[in-house]
Amino acid sequence: MANKILPVKGTREFYPEQMALRNFIYAKVRAAAQGFGYQEYDGPFIEPLDLYAAKSGEELVKKQSFTFEDRGGDFVTLRPELTPSLARMIAAKQGELNFPVRWWSFGPFWRYEQPQKGRSREFFQWNVDMLGVNSPEADAELIAVGATFLRSVGLSPERALIYVNNRRLMDAEFDALGILSEKRLDVSNLVDRRTKMEPAKWDAYALELGLTQSQLDGLKDMLANFELWQKSDELTRLFAALEALGVKEYVQFDPNIMRGLLYYTGTVFEAFDTSGSLKRAIFGGGRYDNLLADVGGNPISGVGFAMGDVVIGIILQEKGLVPEFMPTPADVLVTVFDESLWMKSFELSTQLRNAGIAAMVFPEPAKLPKQFKFADKMKIKIALTIGPDEAANDSVAVKNLGTGEQVTVKREAVVDTVKALMN
RNA sequence: GAGCCUGUAGCUCAAUGGCAGAGCGCUACACUGUGGCUGUAGAUGUUGAGGGUUCGAGACCCUUCAGGCUCCCCA
């Protein structure tokens with residue numbers, strides 16, 4: 001135990017098995033986004049603190065970001081989110097981009113939070129955004145990208161759902177209840193906390209915020225009304241589009257979904273695992289109308305969502321939806337019979353690689369049982385051996401480790417034999 | 001930033017304040033041209049770290065680190 005230096009709190013080390021999961025998630029988000037024609041992009045990993053100070057709340061900048069002074073005296077921060085960078089990138093090329101812009105990204109982010117299940121300080125996040133179109137149909141497309149991802153990893157609508165609400169609808173309802181605009185933030189917060197508080201305490205908290213009893217009753221009626229969406233033209237169009245996009249079974253209206261973000265102005269949505277132990281959102285997003293103005297661009301409406309890799313990774317593992325881990329990408333193991341035949345094995349491996357077959361040579365002339373055991377543990381399905389007999393005949397012993405069958409073939413037939421076994 | 005719980009072999013976990021253990025895994029051999037199955041034998045370790053109480057601490061106390069559960073927050 002010479003090395004006692006531990007990883008930084010809240011970071012994860014990606015051993016090959018964890019790396020395989022990360023790459024699995026990456027492959028699935030990539031396929032989902034690109035299937036809808038989205039382009040991959042990325043921003044810087046460190047940004048000026050001011051980029052976030054402009055738009056984000058005090059909580060983020062002062063308490064939940066990795067911020068430091070660089071050697072030149074500038075305050076920089078490890079990016080806690082991508083949207084401000086996206087807004088700046090869009091604003092900078094506003095005149096030359098071909099709108100609507102459909103972009104996606106998957107990269108690392110940092111937030112100085114208390115690590116616990118489903119939350120680390122260093123994580124990967126999938127971001128998908130469409131800018132330049134303001135319509136419920138565009139909102140539906142983003143939700144469809146998310147739903148397509150859920151479907152592609154085997155999370156059926158019985159296991160995961162996307163709950164949808166609309167800020168404008170809620171504002172209209174708040175108006176009808178006579179809840180003033182300066183109380184909206186408090187009331188949104190109140191709605192957000194409803195599932196976390198006991199009903200009696202929640203009622204008391206509502207009255208504490210200055211709601212009248214009749215407003216509270218009205219609010220509760222509203223939050224229990226799952227047909228409320230029919231009053232919203234936007235949501236009616238949204239659900240029609242979701243049906244045509246083939247993902248309607250994943251989506252439900254829920255008036256309790258608010259989302260903490262201040263910049264959402266229309267549709268908001270959040271995906272949850274409905275069958276597991278983890279109560280955290282899988283992904284969430286919505287429509288924002290005013291983001292670009294803050295970084296010097298002309299106002300452009302956008303819609304997007306983000307998904308962290310931590311929660312979805314736990315869910316996929318708990319449900320057994322992660323493909324079997326393959327310890328090595330090698331298709332075959334070439335054994336080394338003894339020292340005199342070592343170079344024969346190297347030559348054979350080169351022949352295989354030239355034919356597009358991933359081949360690993362055992363690193364030393366060890367006992368054959370040891371070499372086969374190694375192949376077994378590495379889950380390699382094919383083992384090739386050149387012993388004295390094979391060397392004399394210019395042939396190779398090809399063993400199928402799945403069935404135990406072994407054949408001896410001429411060197412020139414090895415590639416075809418191996419390829420046949422791989423299928 | 002606050003509260004509570006946990007930390008023992010590679011893994012999962014035992015051990016009234018009294019010799020640190022089991023299962024799985026690992027290594028070797030049975031088996032000197034072939035893995036899985038079986039049998040036999042073997043190795044595990046600064047009990048997260050540091051300090052204290054005690055004749056004696058894995059256990060009790062303090063500090064610290066890490067993880068988990070909440071609050072907060074979730075951009």
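The chains referred to below are lettered A, B, ... by the order of the sequence lines, with proteins before strands, and numbering in each begins at 1. Note that this is a predicted model, so its numbers are computed, not measured.
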Taking only Lys NZ, Arg NE, NH1 and NH2, and the carboxylate oxygens of Asp or Glu, determine whether [X] and [Y] approach each other closer than 4.0 Å.
X: A/Arg12; Y: A/Asp309; value: yes
X: A/Glu122; Y: A/Lys9; value: no
X: A/Glu405; Y: A/Lys399; value: no
X: A/Asp203; Y: A/Arg194; value: no
X: A/Arg411; Y: A/Glu390; value: no
X: A/Arg30; Y: A/Glu40; value: yes

Write down the distance between [atom1] ([X]) and [atom2] ([N]), rounded to a whole number of angstrom.
X: A/Lys373; N: B/G36; atom1: NZ; atom2: C1'; value: 9 Å
X: A/Glu113; N: B/C69; atom1: CD; atom2: P; value: 14 Å
X: A/Phe123; N: B/C74; atom1: CZ; atom2: P; value: 13 Å
X: A/Ile314; N: B/G68; atom1: CD1; atom2: P; value: 8 Å
X: A/Glu13; N: B/A66; atom1: CD; atom2: P; value: 14 Å
X: A/Lys117; N: B/C5; atom1: NZ; atom2: C1'; value: 15 Å
X: A/Phe374; N: B/C26; atom1: CZ; atom2: P; value: 13 Å
X: A/Gln64; N: B/C73; atom1: CD; atom2: C1'; value: 5 Å

Heavy atoms only, 4.0 Å cut-off, all strands: where does [X] land among base, sugar-phosphate and nothing?
X: A/Glu390; answer: base
X: A/Pro115; answer: sugar-phosphate
X: A/Gly404; answer: base
X: A/Gly285; answer: nothing
X: A/Gln406; answer: base
X: A/Phe337; answer: base

**Study point:** Pairwise side-chain contact, A/Ser188 with A/Tyr264, heavy-atom cut-off 4.5 Å (strictly under)
**Key:**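 They are not in contact (no side-chain heavy atoms under 4.5 Å apart), so the answer is no.
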Taking atom [atom1] in both [N] and [M], what distance in whole Å separates the two?
N: B/G25; M: B/C37; atom1: P; result: 8 Å
N: B/G45; M: B/A9; atom1: C1'; result: 6 Å
N: B/G21; M: B/G42; atom1: P; result: 14 Å
N: B/G67; M: B/C26; atom1: P; result: 29 Å
N: B/A14; M: B/U53; atom1: C1'; result: 26 Å
N: B/G50; M: B/U32; atom1: P; result: 46 Å
N: B/A20; M: B/U47; atom1: P; result: 11 Å
N: B/C55; M: B/U44; atom1: P; result: 33 Å

If you check every side-chain atom of [X], which of [options] has the closest atom?
X: A/Ala397; options: B/G35, B/U34, B/A2; answer: B/U34
X: A/Lys399; options: B/G33, B/G68, B/G35; answer: B/G35
X: A/Lys9; options: B/G67, B/C69, B/G35; answer: B/G67
X: A/Gln114; options: B/A2, B/C74, B/U34; answer: B/A2
X: A/Leu368; options: B/G35, B/G33, B/A66; answer: B/G33
X: A/Arg193; options: B/G33, B/C72, B/G36; answer: B/C72
X: A/Gln116; options: B/A28, B/G67, B/C69; answer: B/C69
X: A/Lys377; options: B/G35, B/C69, B/C26; answer: B/C26

Point to revise | Pair A/Thr385-A/Thr335, side-chain donor/acceptor within less than 3.5 Å | key: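 Yes - a donor-acceptor pair under 3.5 Å links their side chains.
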Point to revise | Intra- and inter-strand pairs of RNA chain B in dot-bracket (Watson-Crick or G-U wobble, both distances under 3.5 Å; | for another strand) | key: (((((((..((((....[..)))).(((((.......))))).....(((((..]....))))))))))))....
Review point. Centre of A/Tyr112's six-membered ring, under 6.0 Å away, within 45 degrees of the axis: is that where NZ or CZ of A/Arg121 sits?
Key: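 Yes, a cation-pi geometry holds between A/Arg121 and A/Tyr112.
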Review point. How do A/Pro7 and A/Leu401 order along RNA chain B: which one's closest nucleotide is nearer the 5' end?
Key: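 Final value for this comparison: A/Leu401.
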**Study point:** Pairwise distance CG(A/Leu82) to CD(A/Gln125) - rounded to 0.5 angstrom
**Key:**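 Result: 8.0 Å between the selected atoms.
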